[in-house]
Novice: 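Structure incoming, see below.
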There are 2 protein chains.
Amino acid sequence: MSKHESRDTMSKSKRLLELMLTVNRKRKFTVKELALEFGVSSRTILRDLQELGELGVPLYSEVGPHGGYQVLNERILPPIAFTEEEAVALFFACHALRHYSYIPFETEASSALGKFYHYMSGDVRDRIDQMKNRVDFVVPARQAESPYLSVLLEAAVMQQTVRIGYKSQDTLSERNIQPIGIYASSGLWYCPAYCFLRGGVRLFRCDRIESVKEGDPVTKPLDLRSIHLDNWEDSFSDKSPNTRCRVQLSEEGVRVCEAELGRRGLLRVREDGTGWIDGDIPNSEIPYFARLFIGLGSDAEVTEPPELIECMRSKLKELLAKYDGQDQPSSPRT
Amino acid sequence: MSKHESRDTMSKSKRLLELMLTVNRKRKFTVKELALEFGVSSRTILRDLQELGELGVPLYSEVGPHGGYQVLNERILPPIAFTEEEAVALFFACHALRHYSYIPFETEASSALGKFYHYMSGDVRDRIDQMKNRVDFVVPARQAESPYLSVLLEAAVMQQTVRIGYKSQDTLSERNIQPIGIYASSGLWYCPAYCFLRGGVRLFRCDRIESVKEGDPVTKPLDLRSIHLDNWEDSFSDKSPNTRCRVQLSEEGVRVCEAELGRRGLLRVREDGTGWIDGDIPNSEIPYFARLFIGLGSDAEVTEPPELIECMRSKLKELLAKYDGQDQPSSPRT
DNA sequence: TATAATAGTGACAAGTATTGTCATAAAATA
DNA sequence: TATTTTATGACAATACTTGTCACTATTATA
């Protein structure tokens, strides 16, 4: 049963196009195979393949048993109809990626970008040239080193465990984890993962991962296929002791908190743009929140918990002591 | 002089491919025109065009003088060879755009994304499916409204002036500006522009632009073609009174400051990851910097200017008063 | 080493598709 | 109405495509 309409009465041009799609679907194939599928002789397929090669499809062949044709490395995308707006959007999406010094794809997107650009028709290209340095998506310039992104992503996709060396507050520890995924936020890469050391889901900062080895063969991977970036937080932070936290926020406060803890689902926003935080936070994060709300100044008003307020108070005192009654630093750095 | 090699001895298949490119370059054309260009008869071109139509190129024709063929709306990109890695990178670049609720392109990138996805061969698609919710580029979730992005961008590209209503610190003012470009940073859109009211380059936050009208016909556009996103800061902040600012930063402090003021060129980084700030800041921004460095706590150590330290001190005292000796808010909000 | 599987080339005849020409129609425009 | 343009049909000449056959070369494997 042929998937293609009337493959027996197909014109050469159409056959070539279909052939292009077919050889890209199956990367490896023999002449006879295609001849049967298309209902033409092997000789014809051979001629067609040669023509495809001249047209730019990178074909490679090997003779002998288990030999055959292969599409080298690259795939040909069939002709795609893009509107001008779409092409432009696509271009700038890729363009934005150039800000990331570390991305989990081995090939740089810039080569794809170049091809795209090269094949676009004249006036779209002109438009892009004009817009090129008039619109941008900025991410923080210098980013912490994260050389293991592709390994972590691969492990997440393949449901495998890896053994990482992780530096948290000057403590270097080694543990088996099974990554759930990776994401970039404010210039840093994060990796939520099941941690076999702690027996639960934890969030790791990729720049603090100092080494990645193959997973311990003893620790069997779990089935975490149903846990991914959109829902991993449900399985997170249920273990450590929590405290209820409530904070009133001004419009500006809402904006900052969205940037900082958008993914945690603690934040509620009123219609007028102001909002509040109400939810449980792990005790271990109290210092982090204290710093956040101090930075917000009058745009945040913490009402709970007392521990957080106390922590803020002590930090404030410390800072005040540092800057009070002096215009020179108390302990200059080297 | 034909751009194409041996157009007179071209096989039909090749001619069709070239034709596809040609009709997409010139969006409007007549049959006779193409016949001459390709060195074949009009009848042949007519037949070819019909075939192109059947192959999916959206052609439209009108008879009569000034009639002719048109490619409707969409462009066909010629077949492009992408490596698997490239295709994946391209996909995720577009995927990342979905976080932006406001982008300056009228068409959503998602439609381009859909087409891309649709035409990709099976196993690349599988790979993308598996990676889809395992890797992400996060930008702050809810973003301030910025409905005028495309107008501003258009004005920047076209070197035109626009008249905006701008809200800065509760003051609503109207002024003519000539946009230099737009960029997104930490969830907000910014628009550097020449401000005819202030007579210099200023930075505007797009969510504070309340209205955009056509530029005043009296204010003639300047030639700002040589000024764009990569260099506009050179023409910026030379007018307002500045003060030298010096701050020592820990590793963490460097990271935050890079995110906040990466584009200003004030920041220097040492090899060990720590760094310092040394440069002129406008006096008007002292409150902003005060808040920033208070938020950084012990990760920042301000040494200059005294005004900034004084500002921080007063803010600290205010905050301390707010949170001192109370566990309930002093003035609960409604 | 022999065998089978595979690509690759060349020649040729039969068949098929492509092309140009001519005729004609229809629509739009000036 | 004359002109420009798309659009369609018929037909013959030509060019291309295809299958078959014969043959070579390479490689893995029995």
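Order of the sequence lines fixes the chain letters, A, B, ..., with proteins taken first and strands second; residue numbering starts at 1 for each chain.
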Novice: Among the candidates dT9(C), dT6(D), dT19(C), find the nucleotide nearest to the side-chain atoms of Leu46(A).
Specialist: dT9(C)
Novice: Let me know the distance between OH of Tyr60(B) and P of dT6(D), rounded to the nearest Å.
Specialist: 13 Å
Novice: What is the distance, to the nearest angstrom, from the CZ atom on Phe29(A) to the P atom on dT6(C)?
Specialist: 14 Å
Novice: Provide, to the nearest angstrom, the distance between the NE2 atom belonging to His66(B) and the C1' atom belonging to dA30(C).
Specialist: 8 Å
Novice: Starting the side chain at C-beta, find the nucleotide from dG20(C), dT29(D), dT6(D) nearest to Ser41(B).
Specialist: dG20(C)
Novice: Compare the minimum distances between each of dT18(C), dT8(D), dA11(C) and the side chain of Arg43(A), then state the nucleotide with the smallest one.
Specialist: dA11(C)
Novice: Salt bridge (charged side-chain N to carboxylate O under 4.0 Å, His left out) with Asp129(A): which residues, sequence neighbours excluded?
Specialist: Lys132(A)
Novice: Between dT18(D), dT8(D), dA28(C), which nucleotide has the shortest distance from any of its atoms to the side chain of Val63(B)?
Specialist: dA28(C)
Novice: Any donor-acceptor pair under 3.5 Å linking the side chain of Asn176(B) with the backbone of Gln178(B)?
Specialist: no
Novice: Roughly, in whole Å, what's the span from CG in Leu49(B) to C1' in dT18(C)?
Specialist: 16 Å
Novice: When you match Ser42(A) and Gln50(B) each to their closest nucleotide on DNA chain D, which lands nearer the 5' end?
Specialist: Gln50(B)
Novice: Ring-plane angle category for Tyr69(A) and Phe29(A), please: parallel below 30°, perpendicular beyond 60°, tilted otherwise.
Specialist: parallel
Novice: Would you say dG8(C) has OP1 or OP2 under 4.0 Å from some side-chain N or O of Ser61(A)?
Specialist: yes
Novice: Tell me whether the OP1 or OP2 atom of dT19(C) has a side-chain N or O from Arg15(B) closer than 4.0 Å.
Specialist: yes
Novice: Arg134(A) side chain to Ile180(B) main-chain N or O, any donor-acceptor pair under 3.5 Å?
Specialist: yes
Novice: Distance check needed: dT19(C) P versus Lys14(B) NZ, whole Å only.
Specialist: 14 Å
Novice: Scan Gly68(A) against the nucleic acid and name what it touches under 4.0 Å (heavy atoms): base, sugar-phosphate only, or nothing.
Specialist: sugar-phosphate
Novice: Once you round it to whole Å, what is the distance between P of dG19(D) and CG of Leu36(A)?
Specialist: 12 Å
Novice: Does Gly181(A) offer a backbone N or O that forms a donor-acceptor pair with the side chain of Trp232(A) under 3.5 Å?
Specialist: no
Novice: Tell me: OH of Tyr69(A) to P of dT27(D), nearest whole Å?
Specialist: 15 Å
Novice: When you measure from the side chain of Thr44(A), which nucleotide among dA7(D), dG19(D), dT19(C) comes out closest?
Specialist: dG19(D)
Novice: On DNA chain C, check which nucleotide each of Arg47(A) and Glu62(A) is closest to and give me the residue with the more 5' one.
Specialist: Glu62(A)
Novice: Start at the 5' end of DNA chain C and walk down; is the nucleotide closest to Pro65(A) or to Glu51(B) reached first?
Specialist: Pro65(A)
Novice: Could you check how far CG of Asp48(B) sits from P of dA7(D), rounded to whole Å?
Specialist: 14 Å
